Structures are given as C-alpha cells and as structure tokens.
Undergrad: 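First, the structure itself, so that you have it in front of you.
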Amino acid sequence: MKLENIAPIEWNFSERAKQLKSSMIREILKVTQRPDVISFAGGLPSPETFPVERMRAAFDSVLAKSGKTALQYGPTDGFPPLREFIADSLSANGAKISPDQVLMVSGSQQGLDLLGKVLLDEGSKAIVETPSYLGALQAFSVYRPEFVAVDMDEDGLRPADVAEKGEGARLLYCLPNFQNPTGRTLSQERRIALVETCARMRIPLLEDDPYGALCYRGEPLPKMLAMNPDGVIYMGSFSKVLTPGIRLGYVVAPRPLIRKLEQAKQAADLHTAQLTQMVVHEVIKDGFLDHHIPTIRSFYAGQCDIMLDALSKFFPEGVTWTKPDGGMFIWVTLPKHVDSMVLSDEAIAQNVAFVPGVPFYAGTPETNTLRLSFVTVSRERIYEGIAKLGKIIASKL
Ligand SMILES: Cc1ncc(COP(=O)(O)O)c(C=O)c1O
C-alpha cells in the first residue's frame with residue numbers, strides 16, 4: 001500500500017547544516033571533467049604517480065595472508081603496525097612520538113573535522129592563515145567558530161599577528177610547507193617564533209603537512225611537532241605520496257587530545273577501513289616511500305618549472321606569482337582592479353579553469369588572486385592554457 005494525499009516534508013535543517021555550502025572547487029571541478037578543458041583548478045595529485053601494480057600486489061598479499069582480519073571491524077585508533085611505523089618515522093626525524101599518540105583517520109580531512117568537533121564551540125576563536133586551505137575552513141565552519149585571520153607574506157604567517165589577535169584562541173591552523181593555496185613555506189625563524197608564541201599563549205598549534213615530503217628545492221625545514229610535541233598537533237596524509245583514493249591520513253597529538261579524538265571518531269565512523277590500512281602498511285613497511293617519493297618530486301618539480309616558465313612568457317606585466325619550493329600550487333596576484341571570479345567565467349568559456357582566490361579567505365578576501373595547480377596537466381597544455389589565460393588577463397588591463 002502507498003500513502004496518498006500526504007504533503008511532502010518541509011526539511012527543517014539544523015543551524016549547523018545551514019552553515020554548509022558546496023565548495024566552489026567542487027563546482028568548478030564539475031566543469032573540468034570535460035576533456036576539452038585545461039584545468040589548473042584541481043587539487044588532485046597526478047595519477048601518473050599512483051603505484052597501481054604495487055597496490056594490487058599488496059591487496060592480493062594482505063587478502064591471501066590475513067583476509068579474515070583485513071575484512072573484519074578493527075580498532076578505532078587504527079592498525080597497530082601502521083601506527084608504529086608512523087611513530088617511528090616521525091621519531092627518526094627528532095619528534096619522539098609513541099604509537100599511542102597516533103590516530104589513523106579516513107583522510108586528513110576527517111582529522112580536521114574531528115579537531116573542530118572536540119576543540120571548537122560556537123564563537124570559539126580559531127586562528128587561520130589568510131588565505132588558507134578551503135577544506136579546513138569548510139570543516140571548521142560547521143562548528144561556527146569566530147575565525148581570526150592572520151596575515152602572511154613570502155615567509156608564511158606572521159607570529160606577531162598571532163600574539164596581537166590570538167588571545168584565548170582554541171586552535172591555530174597552519175600549513176608550514178608549500179601551503180595550499182599559496183605554495184609558500186613558513187621560514188625557520190617564523191617556525192620557532194610561532195611555536196614559542198603558541199606555547200606562551202597556550203594555543204594548540206595544528207601543523208597540517210600533506211605536502212611536506214614534496215620538496216623540490218633546498219632542504220626540508222624541521223617540523224614544528226619536533227619543537228614542542230606537547231603543544232603541537234601534527235597531521236599527515238598518504239594522499240599525495242601514495243594515492244588519495246584509499247582515504248588514509250593520521251593525527252599525532254598529546255595523549256589526552258588523542259583519546260578525545262578517538263571517542264569522536266568512534267561516534268563518526270567506528271574506524272578507518274582495516275583493509276586499506278593493512279595494504280598501505282604492506283606497501284610501505286620495507287622503505288617503498290624512500291624511492292617512490294623522489295620520483296614524484298622530480299616529476300612535479302619539472303611540471304612546476306614548466307608552469308613558471310609559461311607564466312613568465314605569457315602573463316602580462318603587473319601580475320605576480322609565488323615560486324614554490326615544493327607542493328602542487330602557485331598563487332597569482334593580479335592588478336587590484338581585476339576580479340578573478342569574472343576572469344574565471346571568461347576562462348571557462350575558453351576551456352581553461354583555475355580557482356579564484358576568494359573562497360580561501362576566512363577574512364576579507366583579495367578578489368584579485370587565484371590558485372593554479374601544475375601537477376595534472378601535460379606540459380604542452382600548460383603552455384597552451386597559460387597563454388590563453390595571459391591573453392584574457394591582458395584584455396582587462
Ligand atoms: C592542506 C590540506 N589538508 C588536508 C587535505 C585533505 O587531504 P586528505 O583528506 O586526502 O588526506 C588537503 C587535500 O587536498 C589539503 O590540501
């Protein structure tokens with residue numbers, strides 16, 4: 001029997017849900033699925049770098065050797081040998097981390113959500129760089145904090161700004177290496193000053209580091225986690241060094257916070273898939289990343305050089321851009337009067353896509369900025385796309 005003459009439900013969403021908006025990137029990505037579009041918009045790693053065969057062999061081996069365990073529910077905090085591997089590799093870099101300080105999460109994006117859930121109340125101060133990673137702003141927004149935007153320059157965020165504006169903050173969110181969206185790196189002096197400032201002001205410092213291993217020039221700078229493991233929360237991800245499709249990341253934090261995050265994760269999804277954690281452990285346990293990551297680095301470094309070359313050839317005078325030492329992104333600043341949203345519509349009409357800068361700002365946006373990703377587009381198409389964009393920009397000057 002089917003009920004008849006019943007009015008449809010008028011959905012009464014929670015205040016929290018009313019905060020949710022579709023990410024502009026996801027909207028742009030829909031357009032960029034078309035093969036004729038040259039897309040510098042995505043934040044996706046290049047599929048050329050995915051170790052497909054190695055993963056296939058690891059799935060086979062895990063299912064053959066430990067299939068029943070791999071297909072069973074698992075512990076909330078994660079697969080113990082993988083947590084041990086992560087703690088050991090961080091400890092080898094000077095941080096002295098024990099496995100019970102590591103929580104496996106379903107992509108570091110889940111880590112951002114869980115941290116928002118356990119640290120932020122409505123109206124709590126959350127300090128973010130400006131601009132910052134859009135996905136973090138989205139994740140934290142659900143908990144309705146008061147965002148405090150701190151300024152950046154070529155050396156990353158300014159710790160003095162934190163000291164001035166951050167009193168009482170529940171969290172400071174920072175991307176020290178090859179930041180998304182700007183590609184900038186926080187200098188060594190600023191790392192020390194930031195760790196000291198946060199420790200003095202009792203502000204938990206969240207170091208989000210999905211790109212740290214993708215360093216193309218110079219030596220990687222020390223992690224802030226190693227400078228103060230009692231005050232720094234560190235997040236890592238397998239998305240950019242292995243594959244994002246397995247949705248695997250980790251949070252490293254002092255024990256009381258890890259236990260609280262674990263409770264929040266239990267409520268959210270019980271645990272991250274045991275099968276994928278076991279497979280990733282199988283892939284990396286004998287040092288695979290030590291030779292895999294350098295191949296990604298040299299591929300991306302070449303892509304980055306091509307884009308920098310194309311920008312200097314085709315972008316008109318008055319436009320500036322960052323020159324990243326690693327990661328996947330270049331940040332472009334146009335003359336003040338050029339609105340990158342308007343530019344984006346025109347570019348899409350000519351089959352070129354990028355992400356306008358506006359959604360990356362928690363505070364007042366700079367509308368003359370945009371983000372370019374250089375890793376998924378072929379070298380010829382980088383030149384073609386940047387040349388087209390250069391012409392559109394020139395028509396606005
Ligand atoms: C800065 C930053 N943090 C976190 C994430 C989320 O990564 P994942 O959930 O794939 O680990 C991304 C993804 O692009 C990112 O750029």
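Keep in mind the model is a prediction, meaning the values are calculated, not measured. All values below were derived from every heavy atom in this structure, side-chain atoms included, with hydrogens, water molecules and symmetry-related copies excluded. Order of listing sets the numbers, starting from 1, for every ligand and every atom in it.
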Undergrad: Do the rings of Y383 and F314 sit parallel, tilted or perpendicular, given the 30° and 60° boundaries?
TA: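 The arrangement is perpendicular - the two ring planes meet at more than 60°.
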Undergrad: Looking at E53 and R56, is there a salt bridge between them, counting it only when a charged N and a carboxylate O are closer than 4.0 Å?
TA: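 Answer for the salt bridge query: yes.
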Undergrad: Do any heavy atoms of G135 fall under 4.0 Å from ligand 1?
TA: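 Distance cut 4.0 Å: G135 fails for ligand 1.
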Undergrad: When you look for heavy atoms under 4.0 Å from ligand 1, do you find them on the side chain of M328, its backbone, both, or neither?
TA: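 Neither; nothing of M328 gets under 4.0 Å from ligand 1.
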Undergrad: For the pair Y173 and F140, evaluate ring pair (Phe, Tyr, Trp, His ring centres under 6.0 Å) and give the outcome as yes or no after the intermediate values.
TA: CA-CA 10 Å; Y173 174 63; F140 297 152; 5.7 Å; yes
Undergrad: Please work out which of F178, F238, Y211 has its closest non-hydrogen atom nearest to atom 16 (O) of ligand 1.
TA: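 Shortest heavy-atom distance from atom 16 (O) of ligand 1: Y211.
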Undergrad: Relative to ligand 1, is L248 under 4.0 angstrom through side chain, backbone, both or neither, heavy atoms considered?
TA: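 It is neither; nothing of L248 touches ligand 1.
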Undergrad: Below 4.0 angstrom from a heavy atom of S237, which ligand 1 atoms are there? Numbered from 1 as shown, please.
TA: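 The list of qualifying atoms is 8 (P), 11 (O).
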Undergrad: Could you tell me whether R247 approaches ligand 1 through its side chain, its backbone, both or neither, with non-hydrogen atoms closer than 4.0 Å?
TA: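 Near ligand 1, R247 shows its side chain, while the N, CA, C and O stay back.
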Undergrad: Please check this pair: side chain of R255 against backbone of D100, looking for a donor-acceptor N/O pair closer than 3.5 Å.
TA: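 Judged by distance alone, no pair lies under 3.5 Å.
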Undergrad: Only heavy atoms of S239, strictly under 4.0 Å: list the atoms of ligand 1 that pass.
TA: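 The atoms of ligand 1 under 4.0 Å from a heavy atom of S239 are 8 (P), 10 (O), 11 (O).
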Undergrad: Look at ligand 1 and say whether G107 reaches it with a heavy atom at a distance under 4.0 Å.
TA: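 Contact present.
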Undergrad: Distance under 4.0 Å to a non-hydrogen atom of S108: what atoms of ligand 1 satisfy this?
TA: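 Those atoms are 4 (C), 5 (C), 6 (C), 7 (O), 8 (P), 9 (O), 11 (O).
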Undergrad: Thinking salt bridges, do R170 and D121 make one under a 4.0 Å N-O criterion?
TA: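 Counted as a salt bridge, because a side-chain N and a carboxylate O are separated by less than 4.0 Å.
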Undergrad: Under 4.0 Å from any heavy atom of D208, which atoms of ligand 1 are there?
TA: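 Those atoms are 1 (C), 2 (C), 3 (N), 4 (C).
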